[in-house]
Amino acid sequence: MSNKKPRVRFAPSPTGYLHVGGLRTALYNYLFAKKNGGEFILRIEDTDQNRFVEGAVENLIETINWVGLEYDEGPNKDGKVGPYFQSERLKIYKKYSEQLIEQGDAYRCFCTPERLTALREEQQKAKLPQAKYDKLCLHLSKEEIKKNIAEGKPYIVRLNVKAGDNIIINDIVRDKVEFTRAVIDDQVLIKTDGFPTYHMANVVDDHLMGITHVIRGEEWLSSTPKHILLYNAFGWEVPEFAHLPLLLNADRSKLSKRQGDVAVEDYKAKGYLKEALLNFVALLGWSTSDNDEFFNLEDLVNNFSLERVHKAGAIFNVEKLDWINAEHLRKKDKLEILQMLKAELTESKYKDLELTDEYLLLIVEAMLERVSFVKEYIDNSPYFYEPPTSYDETVIKKRWKDDSVDLLQKYVAKLTELENPIKADYEIALKQVAEEAECGAGRIIHPVRVATSGVGIGPGVYDLLFILGKDEVITRINNALKVIPEIKKNISIN
RNA sequence: GGCGCGUUCGUCUAGUGGUCUAGGACGCUGGCCUCUCACGCCGGUAACACGGGUUCGACCCCCGUACGCGCUACCA
């Protein structure tokens with residue numbers, strides 16, 4: 001291993017959104033760089049003109065920024081080795097491909113797509129072990145090549161794979177992987193449109209950008225021999241490789257859009273915290289030797305090592321993500337949650353309510369242990385934002401007794417006498433009523449809860465009442481007193 | 001088909017020849033706490049793909065089989 005300061009890169013092709021698998025690749029690159037005092041570079045691999053998607057790059061960068069994987073060099077953040085868009089480096093690839101042609105390590109190929117498919121079919125029919133280009137154009141004379149070019153015949157540039165030793169990759173996560181050289185095809189380096197293929201652009205850029213460690217998905221393992229051949233042809237130092245296990249659907253196929261959400265922005269839209277997403281995705285293929293599972297970005301940086309990345313693919317299992325999200329949300333600062341709640345409220349039907357921070361903070365505290373998502377501060381307790389629009393019948397059935405009306409009236413009477421009650425006052429008052437009526441507190445607590453919130457679950461009643469405030473509580477109980485007995489009667493009849 | 005990679009509870013994983021009657025987490029589940037729900041706490045559930053070796057001894061090493069996945073494009 002070289003002792004240079006590591007430089008790694010995340011090199012996505014802009015397909016329109018950031019895939020969660022891509023997020024993990026980016027994360028591991030970032031973590032490795034930061035852990036080892038190195039640099040993390042973002043490079044856009046936009047060499048496929050057919051796959052151009054409007055706005056994809058902007059979207060990608062926005063998402064990377066949102067999760068907080070700040071890159072040291074890349075789009076809008078120039079280092080010394082830009083540009084960081086491959087589409088802007090065409091001249092560079094051309095120069096290097098010409099060098100390869102001159103050296104005899106690459107050659108122009110004028111074969112038509114028709115000939116190539118015919119060749120493949122023929123080889124398949126003949127049951128040849130593997131389909132490969134037959135090097136026809138390698139044997140073209142200088143005159144023939146010149147003539148073809150003069151005639152404007154389209155051509156591609158192919159790597160000239162010569163006979164030789166097997167290619168050995170010393171992968172950081174997979175150890176030694178060996179490929180028979182005879183199996184390697186004369187890979188296309190430059191396409192007819194003048195754009196490079198992934199293989200060419202990747203090797204040239206990684207070298208020119210000083211990349212020391214190539215950390216990427218396992219789908220690249222099979223083409224790594226081609227890359228090594230290229231480094232060798234140029235006489236460049238081969239970087240270290242670490243091929244990451246794939247992220248899988250529940251059926252163990254490669255994680256795909258068909259079987260659920262794969263875009264980071266989908267999870268963002270659903271209300272997942274970036275901390276949770278990062279934490280979860282980090283654990284998909286990496287772990288520490290102890291039992292820690294809760295990590296923020298800084299923890300991850302401190303603990304990460306490529307040696308502890310394992311080899312098998314991992315299923316992206318949302319249940320655990322939900323749990324991690326809840327954990328992160330609960331550990332957040334209350335004022336931060338307050339800001340998120342306010343943002344969420346502006347998107348909700350309660351956007352026109354004028355609620356004080358003080359009021360919202362009380363809700364945050366009361367609901368903290370009861371929510372997994374910020375949205376749930378609204379969805380799980382609408383009664384903090386509006387009076388109940390209905391009353392849960394199963395709760396009424398179970399908790400509303402014959403004496404409930406009487407007890408609630410007495411409680412209201414007690415509350416009316418109070419001045420600026422604090423939480424404890426609601427409790428004292430309730431206990432007094434219970435004592436006078438010679439019944440358990442629960443006999444009042446449950447009816448009060450349904451009457452004020454409409455449901456049977458939620459924070460402690462005294463918290464609930466205190467947050468709502470005396471006037472609101474009395475109004476709500478009085479309203480409930482008008483409708484709940486009717487509901488109870490109907491339930492009894494049915 | 002060829003080449004490559006992989007295979008521990010349902011899921012994410014710990015485990016590098018004896019400490020494993022295989023540990024943790026999520027999920028599910030029983031209980032405690034309790035005004036409800038949740039949190040928390042205590043407990044339960046459930047796995048070394050299979051077959052051969054090597055060894056005094058294999059989850060761990062070797063070979064094979066099965067299965068899964070990836071690559072096999074002028075896509076990345």
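What you see is a predicted model; the values in this text were computed from it and never measured.
The interatomic distance linking A:Glu307 (CD) with B:U16 (C1') rounds to 14 Å, in whole Å. Rounded to whole Å, atom P of B:C62 lies 11 Å from atom CG of A:Asp175. Atom CG in A:Asp463 sits roughly 13 Å away from atom C1' in B:C37 (whole-Å rounding). Distance CG (A:Asn50) to C1' (B:C75): 9 Å, rounded to an integer number of Å. Protein atom CG of A:Leu277 is 18 Å distant from nucleotide atom P of B:C12, rounded to whole Å. One atom, NZ of A:Lys397, and another, C1' of B:U36, lie 18 Å apart when rounded to the nearest Å. Note: CD (A:Gln187) to C1' (B:C74) measures 10 Å, nearest angstrom. For the pair A:Lys226 NZ and B:C75 P, the interatomic distance rounds to 12 Å; values are reported in whole Å.
Remark: B:C9 base-pairs with no nucleotide in the shown strands. Criterion, Watson-Crick or G-U wobble with two distances under 3.5 Å. Base pairing of B:U55 is not made with any nucleotide, judged by Watson-Crick or G-U wobble geometry with both donor-acceptor distances under 3.5 Å. Using Watson-Crick or G-U wobble geometry with both donor-acceptor distances under 3.5 Å, B:C37 finds no partner in any strand shown. When Watson-Crick and G-U wobble pairs are counted only if both distances are under 3.5 Å, B:G43 pairs with B:U29. Remark: B:C74 base-pairs with no nucleotide; criterion is Watson-Crick or G-U wobble with both hydrogen-bond distances under 3.5 Å. Across the strands present, B:G64 finds its partner in B:C50; the criterion is a Watson-Crick or G-U wobble pair with both atom distances under 3.5 angstrom.
Nucleotides B:G68 and B:C75 place their P atoms 30 Å apart, quoted to the nearest Å. Taking atom P in both B:C28 and B:C48, the straight-line distance is 24 Å, to the nearest Å. For the C1' atoms, the distance linking B:G10 with B:A73 amounts to 38 Å, nearest Å. Between B:G18 and B:C61, the two C1' atoms lie 15 Å apart (nearest whole Å). To the nearest whole angstrom, the two C1' atoms, one in B:U11 and one in B:G27, are 8 Å apart. Annotation: B:C50 and B:C59 have their C1' atoms spaced 14 Å apart (nearest Å). Nucleotides B:C63 and B:U54 are separated by 15 Å at their P atoms, to the nearest Å. Of the C1' atoms belonging to B:A25 and B:U8, the separation is 15 Å, rounded to the nearest Å.
Taking only side-chain atoms of A:Leu246, from C-beta outward, the nucleotide of B:C69, B:C5, B:C75 with the closest atom is B:C69. In the set B:G27, B:C12, B:A76, B:G27 carries the atom at the smallest distance from any side-chain atom of A:Trp323. The side chain of A:Tyr462 has B:C35 as its nearest neighbour among B:C35, B:A76, B:G4. Across B:C37, B:C35, B:G24, the shortest atom-to-atom separation from the side chain of A:Asn291 is found for B:G24. Of the candidate nucleotides B:C3, B:G6, B:A76, B:C3 has the atom nearest to the side chain of A:Val183. Side chain of A:Glu218, nearest nucleotide from B:C5, B:A76, B:C12: B:C5. Comparing B:C74, B:G70, B:A38 by their nearest atom to the side chain of A:Ser222 picks out B:G70. Here the side chain of A:Ser13 is nearest to one of B:A76, B:C5, B:G10, namely B:A76. Closest to the side chain of A:Ala314, from the set B:C74, B:C12, B:U11, is B:C12. Listed nucleotides: B:A25, B:C5, B:C74. Nearest to the side chain of A:Lys320: B:A25.
At a cut-off of 3.5 angstrom, counting only N and O atoms as typed in the model, there is a donor on one side and an acceptor on the other between the side-chain of A:Arg449 and the base of B:C35. Side-chain atoms of A:Arg252 stay outside donor-acceptor range of the base of B:C69, with no qualifying N/O pair under 3.5 Å.
Counting non-hydrogen atoms under 4.0 angstrom, A:Phe280 reaches nothing in the nucleic acid. Among the protein residues, A:Gly285 comes within range of the sugar-phosphate backbone only, with heavy atoms under 4.0 Å from sugar or phosphate atoms but none that close to a base. Among the atoms of the strands shown, only primed sugar atoms or phosphate atoms (P, OP1, OP2) are found under 4.0 Å from some heavy atom of A:Val188. Across all strands shown, A:Ala312 has heavy atoms under 4.0 Å from sugar-phosphate atoms exclusively, and none from any base. Counting non-hydrogen atoms under 4.0 angstrom, A:Thr15 reaches nothing in the nucleic acid. Counting non-hydrogen atoms under 4.0 angstrom, A:Ile315 reaches the backbone sugars and phosphates but no base. Using a 4.0 Å heavy-atom cutoff across all strands shown, A:Glu178 reaches sugar-phosphate atoms only and no base atom. Counting any heavy atom pair closer than 4.0 Å across all strands shown, A:Pro245 reaches no nucleic acid atom. The residue A:Glu293 sits close to a base: some heavy atom pair falls under 4.0 Å. Note on A:Gly460: a base of the nucleic acid sits closer than 4.0 angstrom, heavy atoms only.
With hydrogens and angles left out, the side-chain atoms of A:Lys331 and A:Asn296 include no donor and acceptor closer than 3.5 Å. Residues A:Thr47 and A:Arg89 bring no donor and acceptor atom of their side chains to less than 3.5 Å of each other.
For the pair A:Arg174 and A:Pro245, the minimum side-chain heavy-atom distance is below 4.5 Å.
Regarding contacts with the backbone of B:A14, every side-chain N or O of A:Ser289 stays at 4.0 angstrom or more from both OP1 and OP2. Considering only side-chain N and O atoms, A:Arg308 lies under 4.0 angstrom from the phosphate OP1 or OP2 of B:G15. Remark: A:His310 is in phosphate contact with B:U13, judged by side-chain N or O atoms under 4.0 Å from OP1 or OP2. Applying the 4.0 Å criterion to OP1 and OP2 of B:C75, one finds that A:Lys191 has a side-chain N or O inside that range.
Between A:Pro113 and A:Arg330, it is A:Arg330 whose nearest contact on RNA chain B lies nearer the 5' terminus. Mapping A:Ser287 and A:Thr47 onto RNA chain B by nearest heavy atom places A:Ser287 at the nucleotide closer to the 5' end.
One finds no salt bridge joining A:Arg181 and A:Asp165 here, because no Lys/Arg side-chain nitrogen approaches an Asp/Glu carboxylate oxygen to under 4.0 Å. Contact check on A:Arg476 versus A:Glu472 returns a salt bridge, with a Lys/Arg side-chain nitrogen under 4.0 Å from an Asp/Glu carboxylate oxygen. Using a cut-off of 4.0 Å between Lys/Arg side-chain N and Asp/Glu carboxylate O, A:Lys162 and A:Asp105 are scored as salt-bridged.
Cation-pi check for A:Arg158 over A:Tyr133 is met; the charged atom lies under 6.0 angstrom from the ring centroid and within 45 degrees of its normal.
No donor-acceptor pair under 3.5 Å is formed between the side chain of A:Asn170 and the backbone N or O of A:Lys176.
Centroid-to-centroid, the aromatic rings of A:Tyr93 and A:Phe195 stay 6.0 Å apart or farther. When ring centroids are compared, A:Phe294 and A:Trp323 stay outside the 6.0 Å threshold.
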